[in-house]
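Owing to the predicted nature of the structure, the values given are computational and were not obtained by experimental measurement.
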Amino acid sequence: MAAEFTVKDIRNILIRRKKTIILTSVISVVILFGIVFFSKPKPIYEAVSAIKIGRPVTPMAEVLLGGKASPPVSLNAASSIIKGFECLSAVARKFNIIPSTVTKDEIITSSKYMREIKNLESMINTSPDKSSSGVLIIRVHWSNPQVAKDMANSIAEIYEEIDFYERNKSIIESKKIIEEKLNQEEMELEQNRENLRNYKLNLELGDVINDTKVIVDRIVEKQRKIKSLQKEIPILTEGRKILEKQLVNSRYLGWNHIGATYTFNIFANLNEKLKDLRLKELTLLIDYNPEHPEVKAVREQMGIVIKQMLADIEIQTAQYKEELVLLEKTIADLQPQLKEIPDRAKRQSILERNVKITADLCDKLAAKLQELSIKESEMVSNVKLVRYAIEQNEPINRETTTGNFILSLFLSIVFGFIGGMIHEALDTIPHRPEDVADIFGVPILTSISRWVSHDHEAVKRKYPGISTKDRERYLSLASHFLVDSSIAEQFRVVVPNLLMQRKENGIQVISILNAIKEEGSTVFASNLAISLSQTGRTAVLVEMDFRNPSLHNLFGIENTPGLQDILLGNCELDMAVKKVTDLILGEINPKHLMAPPGLDSFYLLTSGGKVDNPSNYLNSLNMEETIEQLKNAFDFVIVNAPPALIYSEAYIVVAKTDATILLTESEKLSRKVLHSFRDQLETLKVRVLGLVVNKTKKVV
């Protein structure tokens, strides 16, 4: 029958699942706080403006011309226009909800921009003012109070512009067309003037007539220079020939003596010098003959002067010829320009005519624009902003952030408890000793609590100065070394039950059986044997875990001789069984060992060695005989059996005992493992006296 949960059990579950509860609560509170924080509604502020819609005033010009007054606009129509695409798109551009550079067509074709327009529409509400006729209330809801205020006023202004435009569309559009055309013509006029200016800048004197006169004068001047040079070059050539003959005949008469018609300045100095030398020659010839050295020297100087004159004539002739070529080339270049004079005059005339035509058109357009501006000045809007929106300090929606945070904290605690209970439900390891007992269908003999720091301190106080190894050993043998402790009492609880079982059912040989290694069966078997001996009954503790013997290490004695030696016939039972005197000779301090009474009736039979395949020993006839000898020699035989789910020989050991005490470590084995352990015991029909739950967190 399943054990019922009590308040104490629930408390134990909460303690056991404390980490899960805390972790689940922390995760839940973080998630819930995040949801509350990120999903909390933004504060919405309302701004209210109002417009007055009256009967439109028709421009005086239209009335005089027989025009009809425009019909009044209904408030419903005004509301539709305000929430229409034109108005909303203008508002969206103004407040950068949509980029101001985006065109109308781009907005219509973009789903993103249309969503923004739709969202903006949901933020704007209009309704007639019940207290005043012809007044339309505009309400704007926005998360920023300043934006809400500005938007409410801007919507009224934009609607006023739209209404004004629709009523005066023909004049406004005509004026716009005229302005655009005037701008184009003014730009064209400026361009034509610029073309004329540039054309005149390309002319040398800025005018075709002046340029024509200049070109003709240049050609005449060049031709005159050419004729002059054509006269000078032959004279230089003739003079060169005369000087060359003088140089050959040594008759230095000079330039003026060769019949030259023209006198060149370049030869004036040389000719004067030559004349002086000739005069000097004639003077010398009066006194000397022509062969006189002085006469010869003068003539040599005259020859040098003539040579210099010939060189200068050659240079001057070359310069004249080059100048003549340049003059002819200049005349050749000026001839095409002279031919282009008629075309230039025609081009200038065309450019001047274009400037005049464009200027006349601009004057006409300006006059038309002025006429339309007069009409526009007469236009009056029938919409007036009568109530300006003001900035609100309080949002229209209440924030419940504090309440949501408190609720989230409460829910996170609830979720933490739920998480802990779910973890408990999904956990396959039973945590209550009663649950383990229900699995095996046996009573709980005792629960052995875990060692805590308090137990270590108790050993240190009672046995000061001992090593860590001895402290662990004394705690393991608490029935003797901590005889007055609660741990020792937990072992002694089993003794009355065993005494009654021996008296009523003759149970004498008892095996301590666990499922896996390191569950504490060796420690429990040792303390149980000591507790039995403390009642005055003789009790022998027998090691039958041949694969991993540990009793000799626990009591600090040699492992040999032991049970293996008896089974092999190497020694007798009384030689292998250790008495208190053998324990005194071991590792334990004799003073500590003998201080508490009760070990006089305690005996120990070690394994005698480690055996890899102990089944042969356990199934031998010597084993049967040894057990009979033990039963005859002692009141109780406590057998330390190997783990049942690891080694098969454990069931051989159990089969040779009168009854078995099951031992399991608390919260270590899953239900599946425990059920497997139980099924094997039931299959082998093992007699189980009860269950010992080891290493519990708290004694139940």
- Message: Just verifying a value: how many Å separate S521 OG and L662 CG, rounded to the nearest 0.5 Å?
- Response: 11.5 Å
- Query: Got a sec, which residues hit side-chain hydrogen bond (donor to acceptor under 3.5 Å, both in side chains) with Q191, two or more places apart in sequence or on another chain?
  - Reply: N195
- Note on the structure: Scanning both residues in full, the closest heavy-atom pair of A50 with V135 reads CB-CG1, 3.9 Å
- Are more than 12 heavy atoms from other residues, nucleotides or ligands located less than 6.0 Å from atom CD of E518? no
- Task: Decide if atom CD of E180 counts as having more than 12 heavy atoms of other residues, nucleotides or ligands within a radius under 6.0 Å.
- Result: yes
- Task: Specify the closest pair of heavy atoms between A488 and L482, including all atoms of both residues, with the distance to one decimal.
- Result: CB-O, 3.2 Å
- Task: Provide the closest heavy-atom pair for T446 versus Q490 in the form atom of the first, atom of the second, distance.
- Result: OG1-O, 2.8 Å
- Item | Any residue meeting side chain to side chain contact (heavy atoms under 4.5 Å, CB included) with D455, in chain and number order, not counting sequence neighbours | W451, V452, L475, I487
- Message: If you apply the rule side-chain hydrogen bond (donor to acceptor under 3.5 Å, both in side chains), what do you find for T358 with R193, and how did you get there?
- Response: CA-CA 10 Å; T358 309; R193 287 173 176 171; over 6 Å; no
- Note on the structure: Sorted by chain and number, sequence neighbours left out, side-chain hydrogen bond (donor to acceptor under 3.5 Å, both in side chains) with T683 holds for none
- Query: Sequence neighbours excluded, which residues qualify as side-chain hydrogen bond (donor to acceptor under 3.5 Å, both in side chains) partners of K181?
  - Reply: E185
- Item | Verdict with supporting geometry, N153 and S49, side-chain hydrogen bond (donor to acceptor under 3.5 Å, both in side chains) | CA-CA 6 Å; N153 294 328; S49 63; 4.7 Å; no
- Message: For a quick test of reading the model, state the closest non-hydrogen atom pair linking A515 to L669 and the distance between them.
- Response: CB-CD1, 3.7 Å
- Message: Under the rule for salt bridge (charged side-chain N to carboxylate O under 4.0 Å, His left out), what residues qualify as partners of K356, not counting sequence neighbours?
- Response: D360
- So which heavy atom on T696 is nearest to which on S447, and how close? CG2-CB, 4.1 Å
- Message: What verdict does the salt bridge (charged side-chain N to carboxylate O under 4.0 Å, His left out) test give for E472 and K469, after you've listed the backbone C-alpha separation in whole Å, the side-chain angles of each residue and the deciding distance to 0.1 Å?
- Response: CA-CA 5 Å; E472 295 292 332; K469 181 180 179 181; over 6 Å; no
In a table with atom names and distances, give each donor-acceptor pair under 3.5 Å that connects a side chain of residues 82-94 to protein atoms at least two apart or in another chain.
{"unit_1": "K83", "atom_1": "NZ", "unit_2": "I124", "atom_2": "O", "d": "3.2"}
{"unit_1": "E86", "atom_1": "OE2", "unit_2": "K104", "atom_2": "NZ", "d": "3.0"}
{"unit_1": "S89", "atom_1": "OG", "unit_2": "F85", "atom_2": "O", "d": "2.8"}
{"unit_1": "S89", "atom_1": "OG", "unit_2": "E86", "atom_2": "O", "d": "3.0"}
{"unit_1": "R93", "atom_1": "NE", "unit_2": "V102", "atom_2": "O", "d": "3.1"}
{"unit_1": "K94", "atom_1": "NZ", "unit_2": "S154", "atom_2": "OG", "d": "3.0"}

- Here the salt bridge (Lys or Arg N to Asp or Glu O under 4.0 Å) pairs for residues 110-133, sequence neighbours left out, are K118-E121, D129-R387
- Nearest heavy-atom approach of S666 to V693 is CB-CG1, 3.7 Å
- Message: Applying side-chain hydrogen bond (donor to acceptor under 3.5 Å, both in side chains), can you list everything that pairs with T522, at least two apart in sequence or on another chain?
- Response: S550, N640
- Task: Name all residues meeting the salt bridge (charged side-chain N to carboxylate O under 4.0 Å, His left out) criterion together with E186; count only those two or more places apart in sequence or in a different chain, and write none if there are none.
- Result: none
- Note on the structure: With sequence neighbours left out, the residues meeting salt bridge (charged side-chain N to carboxylate O under 4.0 Å, His left out) with K19 are none
- Residues at least two apart in sequence or cross-chain that pass side chain to side chain contact (heavy atoms under 4.5 Å, CB included) with I177, listed by chain then number, are none
- Task: Take atom CD1 of I108 as the centre, draw a 6.0 Å sphere, and report whether it contains more than 12 heavy atoms from other residues, nucleotides or ligands.
- Result: yes
- Message: For F677, give me all partners under ring pair (Phe, Tyr, Trp, His ring centres under 6.0 Å), at least two apart in sequence or on another chain.
- Response: F440
- Message: Can you tell whether the side chains of E190 and R197 come within less than 4.0 Å, N to carboxylate O?
- Response: yes
- Message: Does D679 have more than 12 heavy atoms from other residues, nucleotides or ligands lying within 6.0 Å of its CG?
- Response: yes
